[in-house]
Amino acid sequence: MLPLHESASPTQRSANALHELPPGQILRIIFDYTAKIADEQSLQRVLSLMADMGQQMILADRCAVWLIDHKHQEVYTTVAHGTEEIRIPIGSGFVGYSIQHGEPLLIEDASADYRHNANNDHKTNYLTRTVITVPFVGNDGHILGAYQAVNKQSPGHVFTQRDLEFLTLAASYAGKSLESVMLHEEIVATQKEILLTMGQIGESRSKETGNHVKRVAEYSYLLALGMGLDSEQAELLKMASPMHDIGKVAIPDSVLHKPGKLTAQEFELMKEHTVIGYRLLNKSNRRLLRHAARIAHEHHERWDGSGYPRGIQGEAIDLFARITAVADVFDALGSERVYKPAWELDRILALLQEERGRHFDPLIIDVFMQQLPALLAVREQYRDMK
Ligand code: C2E
Ligand code: SIN
Ligand code: SIN
Ligand code: SIN
Ligand code: FE
Ligand code: FE
């Protein structure tokens, strides 16, 4: 058998004499859970809440939500509270039938039904007796996945038409939230991909080493957490920081790829990459791109006011930009550039300490030193291949 959901609490089990809840109690469950589900941003938690809701409403032994992976022609579910995924071919079993045909199933005796996939029971050492599957339909009518409830908590009882109706009701309420959370995850994933790609374009123009933007993103994330930002802010910075050098796309090759030291005039031109990046990114109203714009603008400002392009100082410099500055310089020094070899770690750390309170926010340098082992692990993980 499949997915699932370790079932009820001991108190629920002791109420097992009942195999149906009174309608008032079912409405209470729907009411409580749909409110919680509507507030959830995480797909994982929505799925888990939906499984709990279905299980409690119809006193199922196990309940799971299956989603469709069109690319691989599979349906999959995540075991509640775990991370392990179970996958089966898109048309197989009762779940597969409901998803392909867009119809619910109420199976009293699974073993007698041709759609039963007895292999799964063998694998998981679980006996599927009675099953309900209900498809979820999105706003424009396409099928998103299915609810699956397996076995009553009271042994010997089978699912009834009434159970099916309640699970269908739960599916219709929770389906809307499910779709919006899936859409949200899709958008965030797309944004991340676009930003990383744009960052890499900037990077390849400047011939910086392969994983520079990825490392800067990861360093920034760790430093943000160390600075006490919450994981949502840290995640935002991680997505925005790879864009810091996007303005380099507009710098002429003769300057960008110059093997030696830049003349004062060339360096003036190079400094423009901050303002150019800011103008490129600042056109959007999206929160993520507005952060990216500020980072591009201010990642070469210095804590003591001696940076560029504006020479602002201290906390007037965006926190995200101050963090990115440390991550960027740490990475630039450790990498070979057309104009310089890679530095040894000791020399890099000495420079960061020396510039504590001058180039860099002193607090961020302290956090950097505390987080050094984790930062070095990232450096190792995304090492440039020669
Ligand atoms: P980048 O190569 O990504 O370097 C980012 C920052 O890391 C630099 O910002 C600087 O703060 C630090 N950094 C990198 N290498 C060194 C170094 O050898 N010594 C020290 N003390 N710090 C270093 P900066 O200086 O504002 O430069 C911005 C960008 O301008 C650099 O990005 C690079 O693309 C370019 N650039 C700077 N100096 C030269 C140069 O002498 N020759 C060439 N071809 N490009 C340069
Ligand atoms: C399913 O419920 O869709 C698969 C398991 C089975 O066929 O019993
Ligand atoms: C500068 O100060 O802008 C030159 C690069 C550096 O040594 O940091
Ligand atoms: C925030 O966005 O809430 C703080 C980080 C920043 O200064 O950009
Ligand atoms: Fe830069
Ligand atoms: Fe950089």
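What's counted below: heavy atoms across the whole structure, side chains too, no hydrogens, waters or symmetry copies. In this chain, numbering begins with 1 at the start of the sequence shown. When a ligand or atom number is given, it counts from 1 through the structure's own listing order.
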Contact atoms of ligand 1, heavy-atom distance to [X] under 4.0 Å:
| X | result |
| --- | --- |
| Lys261 | 41 (O) |
| Tyr308 | 24 (P), 26 (O), 27 (O), 28 (C) |
| Leu333 | 13 (N), 15 (N), 16 (C), 17 (C), 19 (N), 20 (C), 22 (N), 23 (C) |
| Val255 | 44 (N) |

(message) Within the structure provided, determine whether Phe159 and Lys152 are in side-chain contact (heavy-atom separation under 4.5 Å).
(response) yes
(message) Within the structure provided, determine whether Tyr147 and Met50 are in side-chain contact (heavy-atom separation under 4.5 Å).
(response) yes
(request) Quick one: list whatever passes ring-ring contact (aromatic ring centres under 6.0 Å, His included) with His297, sequence neighbours left out. (result) Tyr278
(request) Indicate whether any N or O donor in one side chain lies under 3.5 Å from an N or O acceptor in the other, for Asp61 and Tyr126. (result) yes
(message) Suppose the criterion is side-chain hydrogen bond (donor to acceptor under 3.5 Å, both in side chains): which pairs have a residue in residues 371-380, not counting sequence neighbours?
(response) Glu380-Arg383
(request) Looking only at distances, please establish whether an N/O atom of ligand 1 is found under 3.5 Å from an N/O atom of Lys248. (result) yes
(request) Decide whether the shortest distance between a heavy atom of Ala325 and an atom of ligand 1 is less than 4.0 Å. (result) no
(message) If the contact criterion is a heavy-atom separation under 4.0 Å, does Leu351 count as touching ligand 1?
(response) yes
(request) Would you confirm whether the ring centroid of His300 sits within less than 6.0 angstrom of the ring centroid of His244? (result) no
(message) Between Arg215 and Asp384, does the salt bridge (charged side-chain N to carboxylate O under 4.0 Å, His left out) criterion hold? Intermediate values first, please.
(response) CA-CA 10 Å; Arg215 288 190 302 259; Asp384 293 313; 3.1 Å; yes
Under 4.0 Å between a side-chain nitrogen and a carboxylate oxygen: does that hold for [X] and [Y]?
| X | Y | result |
| --- | --- | --- |
| Glu344 | Arg347 | no |
| Asp69 | Arg87 | yes |
| Glu232 | Arg287 | yes |

(request) Name the option, out of Trp343, Tyr339, Phe360, Phe267, that contains the heavy atom nearest to atom 14 (C) of ligand 1. (result) Tyr339
(message) Could you work out, for atom 30 (O) of ligand 1, the closest of Met270, Arg347, His300, Lys340 by heavy-atom distance?
(response) Met270
(request) Using a 4.0 Å heavy-atom cut-off, say whether Asp328 meets ligand 1 through its side chain, its backbone, both or neither. (result) side chain
(request) Taking the Fe ion (ligand 5) as the centre, count the protein N/O/S atoms lying under 2.8 Å from it. (result) 4
(request) State which residues pass salt bridge (charged side-chain N to carboxylate O under 4.0 Å, His left out) with Glu266; sequence neighbours excluded, sorted by chain then number. (result) Lys258
